[in-house]
Each structure stands twice: as structure tokens, then as C-alpha cells.
Asker: 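Handing you this structure, nothing more for now.
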2 protein chains.
Amino acid sequence: MDQHVAHKRPRGRPRKTVADRDDGNRRQQLIAGAARLFRRKGFDATSTRDIAAEAGMQSGSPFYHFKSKGALLYAVMEAGMRAAIERQGTALKAAALQKSEQIGQDPRGLLAVLIQNHFDVLLGPGSDFIPVMLYESRAITARQRATLATLQGEYEAPWVPVLQALHDAGQLRADVKLARLLIFGALNWSVQWFDRRKGATVDELAAAALALFVQEKP
Amino acid sequence: MDQHVAHKRPRGRPRKTVADRDDGNRRQQLIAGAARLFRRKGFDATSTRDIAAEAGMQSGSPFYHFKSKGALLYAVMEAGMRAAIERQGTALKAAALQKSEQIGQDPRGLLAVLIQNHFDVLLGPGSDFIPVMLYESRAITARQRATLATLQGEYEAPWVPVLQALHDAGQLRADVKLARLLIFGALNWSVQWFDRRKGATVDELAAAALALFVQEKP
DNA sequence: CCTACCGATCGGTAGG
DNA sequence: CCTACCGATCGGTAGG
């Protein structure tokens with residue numbers, strides 16, 4: 001992505017090269033670094049100086065790319081949501097192609113795909129964006145929260161008919177709306193305790209969740 | 001501890017009365033006020049000045065009662081856990097008395113009691129302590145976290161045999177440990193979205209959770 | 001528990 | 001994007 005050429009400046013900030021220069025993706029670097037720091041330390045406990053250093057910049061430079069620390073936080077959240085939505089769409093498309101049967105014929109299988117993908121988004125590599133969105137929403141404005149709510153609605157949209165179908169089939173024994181909220185809670189909370197290095201794998205976790213929520217076909 | 005004599009200062013801080021005076025419970029007031037603020041704004045975004053004002057003190061005074069802001073946070077969490085443990089024990093005792101049958105004969109009923117009580121602890125009136133513990137644990141020391149983990153173990157202890165019994169009866173179709181983590185996630189997440197003023201009641205929520213996780217007796 | 005205060009840190013900006 | 005800087009706020013303390 002970028003090469004580093006040695007030059008005179010003996011120490012201090014990271015070298016710039018032709019490849020980075022004028023690159024709009026310094027912005028992306030800031031977002032990615034901020035996501036990591038916001039997740040590890042929290043929004044308030046992360047200084048804009050920390051973020052600048054993470055991207056190899058000086059303390060004031062993030063404000064060349066973002067007008068405020070809050071704007072950076074929002075950028076992290078929005079990028080996370082858009083990526084999650086796209087990834088979920090891809091997973092659903094792949095599942096639809098794999099099966100010859102109609103979608104909707106196998107709601108349990110679809111829920112398995114949705115759950116698996118959701119855990120990947122939450123716990124997979126590079127998965128700082130959504131946890132930040134989930135745990136730092138207090139720090140953004142009401143307007144920003146409203147926009148994110150729209151994106152969240154888009155993300156949740158495919159879940160609704162699946163849960164409804166399971167409910168209709170008697171395999172999901174709770175009010176569909178409450179079931180959705182409870183299920184997302186169970187999944188989202190995993191960022192608090194799941195440790196890739198020990199215990200279950202993400203796949204086992206997804207299987208356990210599915211078994212817990214959905215009853216076998218009667 | 002210290003008396004306040006009425007003097008000239010015409011306005012400003014709340015008046016002290018005979019009832020408050022010499023009261024060791026200024027400490028409790030600080031804890032309760034801090035819990036409210038920590039929950040609403042987060043630990044980092046709450047200043048010790050905010051907390052002092054909430055208790056009707058001057059800015060430096062909380063440090064007469066607590067050696068640091070972090071100590072206050074920890075006090076909130078520990079008080080919350082001890083209250084939750086006691087409340088849960090009471091609920092279990094009441095349930096055992098109500099039923100003539102043996103405990104363990106009706107694990108589903110016991111889980112219903114545990115879930116209902118847990119929602120009350122999370123969402124009921126004065127329920128700021130546990131949400132603070134759940135969402136601010138990043139801000140305490142490893143040592144403090146370890147002590148809280150012990151208390152959490154105490155709280156979770158009654159859940160384990162109940163879940164195990166349901167699993168053995170084929171009514172809980174997931175690994176017991178993962179089921180416990182997922183169930184707590186589903187419950188704990190409710191503090192993010194539950195609104196007493198609209199939508200379901202706490203009772204309906206508890207019923208939905210039970211129906212979602214536990215299958216009817218085959 | 002109040003008064004008065006300190007050192008440190010922070011988000012943000014002007015000017016290049 | 002860096003340099004140099006500002007005003008505000010914050011946790012905490014001494015001394016009473």
C-alpha cells in the first residue's frame with residue numbers, strides 16, 4: 001500500500017513517500033486507528049493525540065481531516081455499519097446460491113447464516129468498528145444517532161422475516177420483536193467476554209446460539 | 001463526624017438540617033449520586049465536581065470520603081453487586097417457600113424467578129449500580145476487577161444447577177456454559193434499549209426471555 | 001467538609 | 001500536515 005524510502009530526517013515521525021503523499025486514505029488510517037483505540041480504551045479516555053500518534057501524525061493533524069473528535073467517532077461508526085450491511089448481504093447471497101431451495105423454505109438455515117455473520121462482524125479480525133458503535137453511542141449527537149438507527153434498521157431488516165417465519169412454524173416461542181432484541185443482546189454481549197485464544201470458537205458459539213434460540217422442527 | 005453551625009452565608013449550597021448532620025451516610029449519598037451520573041454520562045465524562053454538586057458538596061469534598069474518583073466507581077460497583085446478590089437470595093427463598101415441591105423439581109420455575117429478579121435489578125427503580133458495573137469495568141484496576149469477578153461468581157452460582165437441570169431435561173439445547181453467557185447477554189443488553197415508558201413491561205420481557213430460551217417439557 | 005489552588009491534559013486553532 | 005499555542009477542565013491536595 002505504501003513504500004518507505006529512507007531519507008535524512010533522522011528520527012521522529014514516520015517517513016512520507018510518494019505513495020502516501022496526497023493520499024485520501026490518511027483519513028482511513030485515522031479511522032482505523034481511532035476504532036482500535038476507542039475500542040480498547042473508550043472514547044473519552046482516548047485523546048486526539050493518541051489517535052494522531054497511531055496514524056504517525058502530529059497532535060493537531062487529525063483536525064485537518066476531521067473537524068472534531070466526535071466527527072471521527074461518528075466516521076468509525078458509520079464505516080462499521082456500512083461494512084457490516086454489505087458483508088451481511090454478501091453472506092445471504094452466497095447462502096441463497098448454495099441452496100437450490102427457495103429462500104424462506106429454510107428459515108433456520110438463514111438464521112444460522114445471519115448469526116454466524118454477526119459474530120464474525122463482532123469478533124472477527126479487524127472487528128473494532130461495530131463494538132465501538134455499540135458501546136459509545138452515548139458520545140454522538142442525537143442527529144448522528146438517528147442516521148445510525150436508519151443503518152441499523154437496514155442491517156436488521158433481513159432478520160425480521162426469518163424470525164417471523166420461525167415464530168409461525170412454532171420454532172421461536174416468544175414475541176418476534178422482543179425475541180429480536182433479546183437475540184441481538186445475546187450476540188452483542190459476546191464482545192464483553194469472548195476470547196478467541198481460549199474457550200469456544202466462533203463457530204461453536206454460533207451453533208450454541210442457534211440451538212438456544214430455535215427449537216427443532218416439531 | 002463534623003457539625004455544621006448555621007452561619008451567615010446567604011445562598012448557595014443546600015442547607016444542612018439536624019437530620020443530615022453527623023451522618024455517616026454522606027458517603028452513601030455520594031455513591032448513589034455517582035451511580036446516577038456514571039450511568040447517564042459514563043465514568044470519564046462525569047467530573048468529580050458533578051458528583052460533589054449532586055451531593056450538595058464543594059468540589060474538593062468527595063476526596064474526603066474517597067481517595068480517588070476510581071475508588072468511588074469501585075464502591076458503586078461493589079455496592080451494586082452485594083445488593084443484587086442479597087436480592088436474588090431473597091427472591092429464591094420466597095420462591096422456595098411458596099412452592100411445596102422440592103427445589104430442583106421445577107427448574108423452569110426457578111429460572112423464571114432468576115430472570116425476573118435480574119431484570120428488576122437491571123431495570124427497576126434505583127437500578128444504576130449494576131449497569132455501571134456492566135459498562136464501566138474498563139475503568140477499574142485488575143485487582144478490583146478480580147474481586148468483582150468473585151462476587152459475580154456468587155451471583156451466578158444459583159443459575160448453574162438450574163441451567164444444568166434444564167439441559168439434562170432436554171429443555172435447554174446448548175452447551176450450559178455458553179447458554180449461560182448468551183442468556184446473561186440477552187438480559188444485560190436490555191439496559192441499552194428497554195424503556196419503562198413504552199413498549200413491553202418488565203414482566204412481559206421476563207416471560208419472553210423464558211419462552212425464548214427454554215423449551216416446553218417434551 | 002470548604003477554600004484556594006496546582007500541575008497536567010485535553011480538544012481545538014492560526015498560520016504557515 | 002506541522003508548529004506553537006490557547007483556554008478550559010480535570011483530578012487531586014494542603015491547610016484549616
Side-chain angles (χ1 to χ4, degrees), chain A residues 2 7-31 33-34 37-38 41-75 136 139-141, chain B residues 1-17 20-31 33-34 37-38 41-75 139-141:
Chain A
D2 54 353
H7 60 77
K8 313 308 149 41
R9 195 185 301 268
R11 56 176 136 261
R13 85 193 90 138
R15 320 305 162 35
K16 305 295 161 49
T17 70
V18 182
D20 308 308
R21 202 190 288 161
D22 278 299
D23 227 345
N25 75 3
R26 300 292 281 152
R27 196 184 149 90
Q28 302 308 319
Q29 284 178 44
L30 279 169
I31 292 178
L37 293 169
F38 288 159
K41 314 203 302 176
F43 175 71
D44 287 308
T46 300
S47 71
T48 55
R49 284 159 173 82
D50 293 338
I51 296 168
E54 189 87 353
M57 295 174 181
Q58 297 303 317
S59 69
S61 302
F63 296 97
Y64 171 75
H65 297 279
F66 294 91
K67 67 181 259 277
S68 71
K69 187 186 175 190
L72 226 178
L73 173 62
Y74 178 71
E136 299 292 349
I140 60 177
T141 68
Chain B
M1 191 160 276
D2 54 352
Q3 3 268 102
H4 286 269
V5 188
H7 57 79
K8 315 308 150 40
R9 196 183 301 272
R11 56 173 141 263
R13 86 194 90 138
R15 320 280 159 52
K16 305 295 164 42
T17 70
D20 306 312
R21 201 193 286 164
D22 276 301
D23 229 345
N25 74 7
R26 299 293 280 153
R27 196 184 149 91
Q28 303 307 320
Q29 283 179 44
L30 278 169
I31 292 179
L37 293 169
F38 288 159
K41 314 204 301 176
F43 176 71
D44 287 308
T46 300
S47 71
T48 55
R49 283 160 174 82
D50 292 337
I51 297 167
E54 189 86 353
M57 295 175 181
Q58 296 304 314
S59 68
S61 303
F63 297 97
Y64 172 77
H65 297 278
F66 294 91
K67 67 182 259 276
S68 69
K69 187 187 174 188
L72 226 179
L73 173 61
Y74 178 72
I140 60 177
T141 69

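For the numbers below, each heavy atom of this structure counts, side chains included, while hydrogens, waters and symmetry mates do not.
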Asker: Rounded to whole Å, how long is the line connecting atom CG of B:Leu30 with atom C1' of C:dC2?
Answerer: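 Rounding to the nearest Å, CG of B:Leu30 and C1' of C:dC2 are 14 Å apart.
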Asker: What residues, two or more places apart in sequence or in another chain, satisfy side-chain hydrogen bond (donor to acceptor under 3.5 Å, both in side chains) together with B:Ser47?
Answerer: B:Asp50
Asker: Which heavy atom in B:Ala75 sits nearest to a heavy atom in B:Phe66, and how many Å separate them?
Answerer: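 For B:Ala75 and B:Phe66, the tightest heavy-atom pair comes out as CB-CE2, 3.7 Å.
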Asker: Measuring to OP1 and OP2 of D:dT3, would you say a side-chain N or O of A:Gln58 lies under 4.0 angstrom away?
Answerer: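 Looking at the OP1 and OP2 atoms of D:dT3, one of them is under 4.0 Å from a side-chain N or O of A:Gln58.
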Asker: Go through B:His65 and B:Met57 one step at a time and tell me if the side-chain contact (heavy atoms from CB on, under 4.5 Å) criterion holds.
Answerer: CA-CA 11 Å; B:His65 297 278; B:Met57 295 175 181; 3.8 Å; yes
Asker: Kindly state each residue pair satisfying salt bridge (charged side-chain N to carboxylate O under 4.0 Å, His left out) with at least one member in residues 51-67 of chain A, sequence neighbours excluded.
Answerer: A:Arg36-A:Glu54
Asker: Begin with the C-alpha distance, continue with both residues' side-chain angles, and end with the deciding distance and a verdict on side-chain contact (heavy atoms from CB on, under 4.5 Å) for A:Gln29 and A:Asn25.
Answerer: CA-CA 6 Å; A:Gln29 284 178 44; A:Asn25 75 3; 4.0 Å; yes
Asker: What string of B, S and - do you get for nucleotides 11-16 of chain D, 5' to 3', when a contact is any protein heavy atom under 4.0 Å?
Answerer: BBB---
Asker: Mind listing the closest non-hydrogen atom pair of A:Lys69 and A:Phe63 along with its distance?
Answerer: N-CE2, 4.1 Å
Asker: For A:Ala53, give me all partners under side-chain contact (heavy atoms from CB on, under 4.5 Å), at least two apart in sequence or on another chain.
Answerer: none
Asker: Under 3.5 Å for both distances, Watson-Crick or G-U wobble, that's the pair rule; now give the dot-bracket for DNA chain D, with | marking pairs to another strand and [ ] for crossing ones.
Answerer: ||||||||||||||||
Asker: List in chain and number order the residues that pass side-chain contact (heavy atoms from CB on, under 4.5 Å) with A:Tyr74, two or more places apart in sequence or in another chain; answer none if no residue qualifies.
Answerer: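 side-chain contact (heavy atoms from CB on, under 4.5 Å) list for A:Tyr74, sorted by chain: A:Glu78, A:Gln144, A:Thr147, A:Leu148.
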